[in-house]
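Quick caveat, the model's predicted, so the values are computed rather than measured. Proteins get letters first, then strands, A, B, ... in listed order; numbering begins at 1 in each.
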Amino acid sequence: MSDNGIESSAMHEAIEGTWPILPGERTWGAWGLTAVAISAGVAAWSYIIGEYVSYYLDAKMGTIAMIAGSLVAMFFVVMATIPGSVKYGIDTITSSKPQFGTRGSYFTIFIQYASIAGWNCMLLILLGTATGSIALKAGWIAESSVPVVSGLGSLSAIVISWLLLRQGAKAIRDYSYFIAIIVTVLSLFILYKLVASKGLEAIFAAKPAYASGDLLWDYTIGFEILVASVLSWWPYMGGIVRMVPSARQAVWPAMLCMGLPTGIISLIGLYASLATGESDPTAWLMQIGGIKYGIITLLFLALANIGTAVVGAYVAAIGLKQIPVLQKKSITWNWITLIVLAPVAIIAVFFPTFLSGENSGRFFAFLGVVFAPVCGIQIVDYFYLRKQKLNTRGLYESKSGSAYYFWGGINPVAFIAVIAGFFTYKSLLHPYLYTSSALFKYISASVPALVVSAVIYYVLTKLFIVKSKIGDYNNN
Amino acid sequence: MVRENLDPELVKRIELVEDPTYEGESLNSKDYWGLIIVGLIIPFLLMLWGWTL
């Protein structure tokens, strides 16, 4: 037995499952969350994001648009997830049941799993590719061996991630302190080397390769790329912040150490892409400093990407525990984490180019299109419709007549609002062709999609759901 | 409202979570204003400033 008469097995069920975590069991604190946030927030995906922005903006406007975009997106993610998740000690998926319904929340499990699996594929494949590329440039392997070495590099990263993940939440916090310090120092070193070798003047004088000719459109698309990318912290957030005792301890580490670093590290990708044509630091750092710098870059990529992949896989594993078949006692934490990482391994070995080139653009688009409406719905539901009060028992009941059963376990209003958000986004900006309406350059796409979804959810809930006396709105 | 039979350990946990004295410190209006300033107002001003450079 532990404090308050709570069985240690129940604590295990909470921390590696979906039960609420009690404040006394939340061992991360503000510093723990800061470390996990930096460990998760600093990753090589930022280079890809920066490269995308460099197609449209120069270094000056790109810097501003990226920092602004990352702050705005993180604001919405924080507002949608932290107050509810920290107050009740619940993960992202459980906190989506009051909006989507007991069965409707499978949709959020899907988007969480798809986005985290996608990001993990991108990160771990990128790490494998960097391993192959450095080994080739160092003369350790022949060109024909690069695909094999790259595949082995990705697989090794996946195995290391799984071994770390098996140790659970406390271990993730502990090694995040180490990863956070090393990746921060290494990323500053990479930025310094880039500026020192190319010169600030050259970086800031470089012109974007695919500027549209309409500077306001380019400025807005730079902002939009960051908003869409940073909104993808939504699936990560609840599973992480519920390990922190209070919302006050959670908001600033999340806001400044998870959202902002995505923007700031993306600047390396932006500057490198503008100055060298290559966002991947392994490509240009070895030209400057040879194999020594290559190994430093590889160390950075390994720590940054594995750190992020482990945090992602941890929250995805908690999300998957919502699926009844995976709640059986025989399905252990090891199995769940394996289920999370197995598709990444399959894609890394058999389809390593799956998320490269155009597909990575489509993936970013998917993130903005999906997470903006979900954030809008959660914010309006928690703050304006439920007045910051959830029916905790209802979060764990699933039968007809339970608090969040709605109709057949699904709240159609949430899905109508998501669809409305999707079409708002699409009418403003085509998710991956980047064709846009005349309004886009003035209002962007993700933020209006979020607002439209929130308004539609609020109005339809007031008109139909509250009057039907379902969804537990009448108790607030 | 239908009440399902839940695991007794889960029920015990839910009761503790619903006890307001057991909750962590929640956000106050100063925190929300801080978030609005950092998350909305500063980015908006940054974008305006960037456009005028």
Side-chain angles (χ1 to χ4, degrees), chain A residues 4-7 9-10 13-14 19-24 26 60-61 63-65 67-72 74-76 78-79 82-83 86-90 215-216 219 223 244-249 251-252 255-256 259 388 391-403 405 472 475, chain B:
Chain A
N4 304 302
I6 296 293
E7 295 281 352
S9 63
E13 188 63 39
W19 287 9
I21 299 181
L22 303 174
R26 303 181 196 180
K60 184 184 70 184
M61 293 186 90
T63 302
I64 291 165
I67 290 175
S70 60
L71 284 174
V72 168
M74 207 59 198
F75 167 78
F76 288 117
V78 162
M79 293 296 283
I82 289 184
V86 178
K87 183 174 180 180
Y88 296 102
I90 52 175
L215 190 59
L216 182 57
Y219 198 34
F223 171 83
V244 182
S246 80
R248 294 196 79 184
Q249 288 183 6
V251 286
W252 293 110
M255 190 81 195
L256 300 178
Q388 303 185 52
N391 180 330
T392 324
R393 191 183 173 97
L395 295 170
Y396 297 93
E397 291 178 330
S398 56
K399 292 194 176 144
S400 175
S402 59
Y405 190 75
D472 203 47
N475 291 332
Chain B
M1 197 78 71
V2 175
R3 280 176 84 84
E4 280 175 46
N5 287 328
L6 297 175
D7 188 311
E9 284 298 329
L10 174 59
V11 174
K12 206 188 286 181
R13 202 163 263 275
I14 287 170
E15 283 164 5
L16 282 170
V17 166
E18 285 183 337
D19 176 0
T21 60
Y22 206 73
E23 281 172 12
E25 208 177 352
S26 44
L27 298 174
N28 58 27
S29 58
K30 211 168 134 191
D31 297 314
Y32 284 116
W33 275 110
L35 278 174
I36 289 169
I37 289 168
V38 175
L40 294 179
I41 296 172
I42 288 178
F44 178 73
L45 295 175
L46 264 180
M47 289 294 282
L48 282 183
W49 176 64
W51 183 248
T52 57
L53 281 177

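To the nearest 0.5 angstrom, B/Ile14 atom CD1 is 10.5 Å from A/Leu22 atom CG. Of the inter-residue distances, the one linking B/Ile41 atom CD1 with A/Phe75 atom CZ reads 9.0 Å to the nearest 0.5 angstrom.
Top candidate by heavy-atom pairs under 4.5 Å with chain A, chosen from B/Leu6, B/Asn5, B/Val11, is B/Leu6. In terms of heavy-atom pairs under 4.5 angstrom with chain B, the leader among A/Leu71, A/Ile67, A/Leu256, A/Ile90 is A/Leu71.
Residues A/Val86 and A/Arg26 meet the side-chain proximity criterion, which asks for heavy atoms closer than 4.5 Å.
With a threshold of 4.5 angstrom between heavy atoms, A/Gln388 approaches chain B through side-chain atoms but not through N, CA, C or O. In this structure, no portion of A/Val244 lies under 4.5 Å from any heavy atom of chain B. Residue A/Tyr405 does not touch chain B at all, counting heavy-atom pairs closer than 4.5 Å. Looking at A/Leu216, the atoms closer than 4.5 Å to chain B (heavy atoms on both sides) sit in the backbone and in the side chain alike. Neither the backbone nor the side chain of A/Met74 comes within contact range of chain B, judged by heavy atoms closer than 4.5 Å. With a 4.5 Å cut-off on non-hydrogen atoms, B/Ile36 touches chain A through its backbone and its side chain both. Contact of A/Ser398 with chain B is made through backbone and side chain together, with heavy-atom distances under 4.5 Å.
No more than 12 heavy atoms of other residues, nucleotides or ligands sit less than 6.0 Å from atom CH2 of B/Trp49.
In this structure B/Phe44 satisfies the ring pair (Phe, Tyr, Trp, His ring centres under 6.0 Å) test with no other residue, sequence neighbours excluded.
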Test salt bridge (Lys or Arg N to Asp or Glu O under 4.0 Å) on B/Glu9 and B/Lys12; report intermediate values, then the result. CA-CA 5 Å; B/Glu9 284 298 329; B/Lys12 206 188 286 181; 3.6 Å; yes
Is there a side-chain contact (heavy atoms from CB on, under 4.5 Å) between B/Leu40 and A/Phe76 once you walk through the steps? CA-CA 9 Å; B/Leu40 294 179; A/Phe76 288 117; 4.1 Å; yes
